[in-house]
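Just so you know, these numbers come straight off a predicted model, no measurement behind them. All residue numbers in this chain count up from 1 along the given sequence.
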Amino acid sequence: RMTITNSGRIGIGTSAPTDTLDVRGKIRVHTTDSQSDLRLYRIASDSNLTAGTELGRVFMGGSEDGTNFYNGAAIVAKSTEDWVPGSAKGTEISFWNAKNGTSVTSKRMTIANDGSVGIGVDTPNSLFHVSANSASEYAARFFNDGDNANRYGIRISCGTDVHTSA
């Protein structure tokens with residue numbers, strides 16, 4: 001069933017919607033076209049999307065009692081430059097989650113506007129940037145069992161303009 005309140009809120013599966021659109025149940029986006037889209041758009045009230053403007057957020061969370069809902073993870077997109085109609089649209093996307101034993105979400109990974117990936121750092125300054133601030137944990141760990149034959153790990157090549165794969 002669907003409800004439209006006097007204040008304009010729409011409820012699907014509920015007679016008491018708590019947001020502009022409140023859906024209680026599963027949502028399916030289906031099309032016979034080549035792709036299905038779910039789009040989040042930010043419309044600036046002053047017709048100006050500036051650097052640092054959040055463009056959209058997808059939250060994932062839950063509730064123990066059906067009344068109080070908490071976010072456990074999020075994906076956030078924001079502009080990284082002032083947007084110019086028809087051209088400049090620099091954007092980054094970040095991934096947030098809550099560590100065990102806490103209820104606070106923190107940014108864990110960022111994909112910058114140039115494609116650089118940062119883990120543990122808000123602004124990656126290289127293609128892949130990992131940062132940790134712990135005396136008792138590794139910043140990164142790689143393991144390759146190699147099926148007990150060859151045990152290649154990480155290959156780092158420098159000093160050549162031509163990439164060759166091994």
Side-chain angles (χ1 to χ4, degrees), residues 19-21 26-31 33-64 68-166:
D19 283 303
T20 305
L21 175 62
K26 295 179 182 178
I27 298 173
R28 178 181 297 189
V29 178
H30 178 83
T31 181
D33 294 338
S34 61
Q35 66 187 41
S36 293
D37 293 344
L38 176 61
R39 298 175 186 220
L40 302 174
Y41 289 108
R42 171 73 182 264
I43 299 173
S45 58
D46 59 2
S47 300
N48 191 12
L49 288 174
T50 58
T53 301
E54 281 196 8
L55 302 172
R57 295 184 269 179
V58 176
F59 290 105
M60 291 139 283
S63 172
E64 295 91 2
N68 299 302
F69 291 86
Y70 304 97
N71 298 318
I75 301 170
V76 179
K78 74 175 187 177
S79 61
T80 56
E81 64 183 343
D82 294 348
W83 281 25
V84 176
S87 63
K89 305 286 186 278
T91 311
E92 77 172 28
I93 189 166
S94 58
F95 298 84
W96 299 62
N97 72 343
K99 191 174 182 178
N100 284 351
T102 71
S103 61
V104 177
T105 57
S106 298
K107 187 188 291 190
R108 305 296 182 186
M109 183 174 79
T110 300
I111 302 173
N113 64 72
D114 64 357
S116 299
V117 175
I119 298 175
V121 60
D122 287 347
T123 308
N125 59 21
S126 59
L127 189 58
F128 184 58
H129 184 163
V130 178
S131 180
N133 187 15
S134 174
S136 60
E137 296 177 4
Y138 294 103
R141 186 176 199 173
F142 299 89
F143 175 78
N144 179 8
D145 180 79
D147 198 26
N148 291 325
N150 296 311
R151 292 193 169 110
Y152 292 102
I154 297 175
R155 180 177 179 174
I156 300 173
S157 300
C158 300
T160 180
D161 292 335
V162 179
H163 171 72
T164 57
S165 59

Student: Can you list the residues that meet the side chain to side chain contact (heavy atoms under 4.5 Å, CB included) rule with Ser134, with sequence neighbours excluded?
Tutor: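 For Ser134 the side chain to side chain contact (heavy atoms under 4.5 Å, CB included) partners, ignoring immediate neighbours, are Ser136, Glu137.
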Student: By side chain to side chain donor-acceptor pair (under 3.5 Å), which residues pair with Ser63, not counting sequence neighbours?
Tutor: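 With neighbours one apart ignored, the set is Asp65.
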Student: Name each donor-acceptor pair under 3.5 Å that joins a side chain in residues 83-92 to protein atoms two or more places apart or in another chain, with its distance.
Tutor:
| unit_1 | atom_1 | unit_2 | atom_2 | d |
| --- | --- | --- | --- | --- |
| Trp83 | NE1 | Gly90 | O | 3.3 |
| Lys89 | NZ | Val84 | O | 2.7 |
| Thr91 | OG1 | Lys89 | O | 2.8 |

Student: Under the side chain to side chain contact (heavy atoms under 4.5 Å, CB included) rule, collect the residues that match up with Asn71, sequence neighbours excluded.
Tutor: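 Side chain to side chain contact (heavy atoms under 4.5 Å, CB included) list for Asn71, sorted by chain: Phe59.
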Student: OG1/Thr53 to CG/Asp82 distance, rounded to the nearest 0.5 angstrom?
Tutor: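 The CG atom of Asp82 is 8.0 Å from OG1 of Thr53, to the nearest 0.5 Å.
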Student: Listed by chain and number, what are the salt bridge (charged side-chain N to carboxylate O under 4.0 Å, His left out) partners of Arg39, not counting sequence neighbours?
Tutor: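 Arg39 satisfies salt bridge (charged side-chain N to carboxylate O under 4.0 Å, His left out) with Asp37 only.
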Student: Output all residues satisfying side chain to side chain contact (heavy atoms under 4.5 Å, CB included) with Leu40, sequence neighbours left out; order by chain, then residue number.
Tutor: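 Residues passing side chain to side chain contact (heavy atoms under 4.5 Å, CB included) with Leu40: Val58.
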Student: Give every donor-acceptor pair under 3.5 Å between a side-chain atom in residues 93-100 and any protein atom, sequence neighbours left out.
Tutor:
| unit_1 | atom_1 | unit_2 | atom_2 | d |
| --- | --- | --- | --- | --- |
| Ser94 | OG | Trp96 | NE1 | 2.9 |
| Asn97 | OD1 | Arg108 | NE | 2.7 |

Student: Kindly state each residue pair satisfying side-chain hydrogen bond (donor to acceptor under 3.5 Å, both in side chains) with at least one member in residues 111-131, sequence neighbours excluded.
Tutor: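 Listed by first then second residue: Thr80-Asn113, Asp114-Ser116, Asn125-His129.
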Student: Let me confirm one number: the NZ-CG distance from Lys78 to Leu49, rounded to the nearest 0.5 Å.
Tutor: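 If we round to the nearest 0.5 Å, Lys78:NZ and Leu49:CG are 14.0 Å apart.
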Student: Would you list the pairs meeting salt bridge (Lys or Arg N to Asp or Glu O under 4.0 Å) in which at least one residue belongs to residues 51-62, sequence neighbours left out?
Tutor: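 Sorted pair list: Glu54-Arg57.
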